[in-house]
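The figures that follow rest on heavy atoms only: side chains count, while hydrogens, waters and symmetry mates do not. Here is how names work: the chains are called A, B, and so on, in the same order as the sequence lines, proteins then strands, and each is numbered from 1.
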There are 2 protein chains.
Amino acid sequence: MSVQARSIATRTRLLEATVAALVERGAHGTSLAEVCRRAGASKGALLHHYPRRADLFAAAADHLFALRLAELEEALALGDLADLDALLERLWAIYSGPTLAAWLELVVAARTDPALRVALARVDADLTRRAAALFRQVFGVEDPARATAGARTIMALFDGLSLNLVLGQGEDHARRVLPAVRELLAPWLGKKGSSP
Amino acid sequence: MSVQARSIATRTRLLEATVAALVERGAHGTSLAEVCRRAGASKGALLHHYPRRADLFAAAADHLFALRLAELEEALALGDLADLDALLERLWAIYSGPTLAAWLELVVAARTDPALRVALARVDADLTRRAAALFRQVFGVEDPARATAGARTIMALFDGLSLNLVLGQGEDHARRVLPAVRELLAPWLGKKGSSP
DNA sequence: GGAAAAACGATCCACGTGGCCTGTTTTGTT
DNA sequence: AACAAAACAGGCCACGTGGATCGTTTTTCC
């Protein structure tokens with residue numbers, strides 16, 4: 001195995017372990033030792049690739065960016081877009097999944113960590129741009145500003161729903177708001193390409 | 001000063017210090033020492049009133065419940081309800097404020113802390129019930145289930161917007177989605193009492 | 001094939017943390 | 001006044017943490 005291939009493999013294992021730890025233990029519980037344990041790596045290996053803890057988290061943010069974008073593209077690619085219920089179901093499947101939990105941990109951690117915030121802000125800007133592009137081409141919104149605002153709004157809505165999921169004792173409880181969301185989005189998505 | 005009055009005063013100072021620390025330093029940065037420093041109390045006093053760290057956070061959640069409910073009631077009480085822009089502005093003022101930042105910290109911390117989660121779930125259920133009641137009487141929705149779902153949806157939307165605020169470098173950037181939100185809510189709130 | 005560099009492993013340390021513990025002061029009761 | 005009980009003060013300690021500093025192995029290049 002090539003040296004760089006091994007390096008990439010280790011980094012990948014470290015990042016996946018970091019994301020898993022973020023999901024199961026939270027940002028605070030994601031200690032270097034915990035990540036090493038999950039990745040089957042040593043502390044030396046971790047600190048070799050990511051000298052500071054902030055570097056690991058920033059890299060994890062990049063990793064999550066790829067994961068979230070892939071999930072979004074997949075959700076919008078397959079299936080009938082006119083079927084709003086199915087679309088909401090797919091979005092809900094994403095936003096009740098682990099990637100968003102890890103993302104939540106990073107965002108909240110970034111609120112009081114300036115270095116992490118700038119890293120996440122960059123990634124979030126990229127994600128929003130890509131999501132807006134998806135939104136624009138899929139729903140036929142011409143105005144870029146409108147597309148961006150729309151994408152951000154929908155993403156914010158689902159972000160909030162996944163927050164509710166944390167406190168609700170069952171998935172059913174949170175899922176019960178989906179009809180309301182559907183009712184909220186229906187008139188907006190109905191007028192394809194009819195932006196002023 | 002009476003003994004219980006002193007006790008209450010100390011507890012209040014501790015809880016306000018906890019909330020302030022949550023806002024400025026995050027859940028992880030809210031150490032016992034930090035809270036004592038801000039409250040001007042000693043470690044002994046803190047551990048006397050709240051033997052475990054989880055007790056302090058649970059009490060802080062109760063404190064935040066009162067704060068958030070008061071803010072919501074005030075926002076809905078004053079002003080013209082037909083003026084959707086003004087209403088959104090008032091809600092935005094709440095959700096970009098410190099109380100929601102502290103709430104966010106607690107919710108995310110509760111995700112990986114079962115004890116805190118049950119405490120927060122109880123408080124959140126209370127808050128949702130009260131918010132649904134407000135929503136119901138203000139907007140004239142008869143069906144209780146619809147009112148609950150509607151209140152939860154709107155709160156989720158603003159929760160997500162405040163999350164966006166964390167990463168956006170300026171308030172203007174996040175505020176730009178308000179027109180989209182307005183457009184989203186307008187048809188829904190327009191049909192007062194016209195639930196099927 | 002040997003040196004240089006990169007990837008990796010293991011150990012160690014200063015430090016902040018939560019919780020415990022024993023005093024000390026203040027209030028309420030008889 | 002005397003006593004009990006609460007509120008408060010602050011020192012103490014075991015522990016986990018991040019990060020630095022070694023040493024070891026593997027790959028690449030000339």
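As a whole-Å value, the separation of B:Gln4 CD from C:dG28 P is 7 Å. Rounded to a whole Å, the CG atom of A:Leu46 is 11 Å from the P atom of C:dC8. Going from atom CG of B:Asp55 over to atom P of C:dG18 covers 14 Å, rounded to whole Å.
Considering only residues two or more places apart in sequence or on other chains, B:Arg11 meets the side chain to side chain donor-acceptor pair (under 3.5 Å) condition with B:Ser7, B:His49. By the side-chain contact (heavy atoms from CB on, under 4.5 Å) test, B:Ala54 pairs with no residue at all, sequence neighbours left out.
Nearest to the side chain of A:Ala45, among D:dA7, C:dC8, C:dA7, sits C:dC8.
Contacts between residues 47-54 of chain A and DNA chain C, defined by a heavy-atom separation under 4.0 Å, are made by A:His48, A:His49. Listed by residue number, the members of residues 22-43 of chain A with any heavy atom below 4.0 angstrom from DNA chain D are A:Ser31, A:Leu32, A:Lys43.
Among residue pairs with one or both ends in residues 107-117 of chain B, those qualifying as side chain to side chain donor-acceptor pair (under 3.5 Å) are A:Glu105-B:Arg111; sequence neighbours excluded.
Classification of B:Glu34 and B:Arg37 as a salt-bridged pair holds, one side-chain N sitting under 4.0 Å from a carboxylate O. Residues B:Arg129 and B:Asp126 are paired through a salt bridge, judged by an N-O separation under 4.0 Å between the basic side chain and the carboxylate. Under the 4.0 Å criterion applied to side-chain N and carboxylate O atoms, B:Arg130 and B:Glu73 are assigned as salt-bridge partners.
Here the OG1 atom belonging to B:Thr128 is positioned 4.5 Å from the CZ atom belonging to B:Arg152, to the nearest 0.5 angstrom.
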Can you give me every donor-acceptor pair (side chain of residues 57-71 of chain A, partner residue at least two apart or in another chain, under 3.5 Å) with its distance?
| from | atom 1 | to | atom 2 | distance (Å) |
| --- | --- | --- | --- | --- |
| A:Asp62 | OD1 | A:Arg122 | NH2 | 3.2 |
| A:Arg68 | NH2 | A:Tyr95 | OH | 3.0 |
| A:Glu71 | OE1 | A:Thr99 | OG1 | 2.9 |
| A:Glu71 | OE2 | A:Thr99 | OG1 | 3.1 |

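Between A:Thr10 and C:dC8 there is a side-chain polar atom (N or O) within less than 4.0 angstrom of OP1 or OP2.
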